[in-house]
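To find a chain, count down the sequence lines: A is the first, B the second, and so on, and within it residues start at 1.
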2 protein chains.
Amino acid sequence: MITLTEENYIKAIYHIGKQGRENVNTNALADAMNTKASSATDMIRKLAEKDYANYKKYKGVTLTEAGKKIAINIIRKHRLWEVFLVEKLNFTWDEVHELAEQLEHIKSQKLIDELDAFLGHPTHDPHGDPIPDKNGEITFVEKIVLSQAQEHQKYSCLGVNDSSSEFLQYLNKNNISLGSIIEVLHIEPFDKSINIKANGKLLTVSQSVAKNLYLKKL
Amino acid sequence: MITLTEENYIKAIYHIGKQGRENVNTNALADAMNTKASSATDMIRKLAEKDYANYKKYKGVTLTEAGKKIAINIIRKHRLWEVFLVEKLNFTWDEVHELAEQLEHIKSQKLIDELDAFLGHPTHDPHGDPIPDKNGEITFVEKIVLSQAQEHQKYSCLGVNDSSSEFLQYLNKNNISLGSIIEVLHIEPFDKSINIKANGKLLTVSQSVAKNLYLKKL
DNA sequence: ATATTAATTTAGACAAGACTAAAAATATAT
DNA sequence: ATATATTTTTAGTCTTGTCTAAATTAATAT
């Protein structure tokens with residue numbers, strides 16, 4: 001049996017490992033888990049013991065194939081629940097994350113298969129992140145971040161990098177959501193702020209916003 | 001904050017208290033929770049400490065109003081999830097209980113309000129048990145058990161007392177479900193077995209079956 | 001190359017929820 | 001009414017996941 005805490009550590013290792021170097025260091029993991037480095041060390045040991053993680057003292061941690069499988073399955077559940085909440089229960093995309101953190105730990109293969117079918121086998125969650133299929137395959141869509149976009153080019157909004165409710169509410173306020181058409185008008189060389197036309201409306205966004213918005217060239 | 005374990009103890013106290021004397025004894029609680037009496041004593045102490053339970057040494061435990069409120073809310077969530085699983089995700093009534101035991105602990109008021117609305121504010125779960133409303137009100141339906149039924153009388157099936165999957169599968173096999181029309185033909189004085197016509201088909205049921213099937217006189 | 005700083009691990013302790021074994025209180029039987 | 005049996009509580013221990021403080025290893029700077 002795998003505990004809830006173990007699942008959360010595995011998920012954190014997966015996410016950190018994804019966006020940076022392969023080997024996840026203890027402090028980064030402790031940060032993500034809101035614990036101290038010593039607690040992270042203990043858990044890493046335990047996960048290595050159970051063959052969910054590869055661990056060499058002072059060298060950081062990676063997931064084994066078994067660990068990755070668990071991580072991907074949790075992510076699949078998380079994202080399917082997010083779709084359910086938004087599509088069926090009138091949640092907005094900034095409300096679903098915390099709740100999905102609870103729901104992702106529900107254990108039932110049939111539940112997740114049926115939910116998937118009930119939702120029509122969605123491929124992306126409400127933030128634009130891909131939903132792994134039953135076999136753990138993740139369909140990768142080529143995407144860039146707004147801060148790397150070119151002037152005078154049209155894009156469509158694919159998703160977000162930062163899914164904090166603050167950021168999502170900022171986007172809501174400016175009427176930007178999945179699929180929104182965004183045209184880059186001008187990039188200010190001084191501070192890298194960007195003038196865009198989003199769904200027809202003119203808007204200037206800072207670099208910190210631009211870094212967290214994923215786009216697809218049209 | 002209330003822990004998962006505390007919630008489960010509160011629920012168990014509520015259910016045991018419901019079907020028998022008010023004061024729940026330590027052994028009964030330990031049994032229901034699959035723990036030992038000493039563990040139950042510890043938890044009862046803790047619940048009393050937090051004002052969820054009334055406790056006098058050696059005298060058993062009851063819930064306070066706050067405790068009852070929590071219990072009823074968990075039951076509301078449990079039964080709404082059961083409806084969801086059966087109505088929307090193709091589960092059968094014998095498959096849903098364990099899964100609902102997990103789902104009932106998800107914490108989100110909005111989730112449960114929206115789920116309730118999504119399901120059309122159902123009043124009963126798939127086993128015929130009433131679903132408490134948002135204010136904790138439980139609509140009580142007068143029901144008898146098949147073993148107390150009268151000969152030559154027609155009834156409709158309201159629910160079950162024993163919701164083990166063995167019993168539910170027995171009912172499935174004999175095509176008895178919620179709302180089934182059941183006519184009592186003859187009660188055998190020797191062993192109290194009962195000849196019934198269920199959905200048009202003749203069937204003889206033992207007393208232990210008859211004790212666990214709830215009916216409403218038609 | 002060595003000193004200093006940063007990251008990681010170890011050691012020991014704590015709270016929650018469980019257990020066993022023993023003691024205390026209550027219930028039952030003659 | 002007293003002896004016996006049952007139930008409940010207490011005392012002490014264990015595991016999980018956490019912490020602090022100290023020790024160790026790795027990284028960085030001069």
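Considering B/Asp125, B/Asp129, B/Asp116, B/Asp133 as possible partners of B/Arg76, the one that fulfils the salt bridge (Lys or Arg N to Asp or Glu O under 4.0 Å) test is B/Asp116.
What separates CG of A/Asp42 from C1' of C/dT8 is a distance of 12 Å, to the nearest Å. Atom-to-atom, CG of A/Leu47 to C1' of D/dT16 comes out at 13 Å; the value is rounded to the nearest Å. One can place CD of B/Glu7 at 17 Å from P of C/dA16, the figure rounded to the nearest angstrom. Rounding to whole angstrom units, OH of residue B/Tyr58 and P of C/dA27 are separated by 11 Å. To the nearest angstrom, C1' of C/dT8 lies 9 Å from CD1 of A/Ile44. Going from atom NZ of B/Lys50 over to atom P of C/dA15 covers 14 Å, rounded to whole Å. Rounded to whole Å, the distance from CG on B/Asp31 to P on D/dT7 is 10 Å. Counting to the nearest Å, the P atom of C/dA7 and the NZ atom of A/Lys56 are 23 Å from each other.
For B/Asn27, no side-chain nitrogen or oxygen approaches OP1 or OP2 of D/dT6 to under 4.0 Å. Residue B/Lys57 places at least one side-chain N or O closer than 4.0 Å to OP1 or OP2 of D/dT10.
For B/Ser39, counting side-chain heavy atoms from C-beta on, the closest listed nucleotide (D/dT9, D/dT18, C/dA18) is C/dA18. For A/Thr26, counting side-chain heavy atoms from C-beta on, the closest listed nucleotide (D/dT20, D/dT9, C/dT8) is C/dT8. Closest to the B/Ser38 side chain, of the nucleotides C/dA18, C/dA21, D/dC19, is C/dA21. Out of C/dT20, D/dT8, C/dA7, the shortest distance to the side chain of B/Lys36 is found at C/dT20. Among the nucleotides D/dT25, D/dT9, C/dT10, the one closest to the side chain of B/Arg45 is D/dT9.
Using the six-membered ring where Trp is involved, B/Phe84 and B/Phe118 have ring planes that are tilted, between 30° and 60° apart.
A/Asp94 places no side-chain N or O within donor-acceptor distance of the main-chain N or O of A/Ser164, the cut-off being under 3.5 Å. Although no hydrogens or angles enter the test, the distance criterion places no donor-acceptor pair under 3.5 Å between the side chain of B/Glu22 and the main chain of B/Thr62.
Among the atoms of the strands shown, only primed sugar atoms or phosphate atoms (P, OP1, OP2) are found under 4.0 Å from some heavy atom of A/Thr5. Backbone-only contact: B/Thr35 has heavy atoms under 4.0 Å from sugar-phosphate atoms and none from a base.
Using a 3.5 Å distance cut-off with no hydrogens or angles, the side chains of B/His15 and B/Gln19 do not pair a donor with an acceptor.
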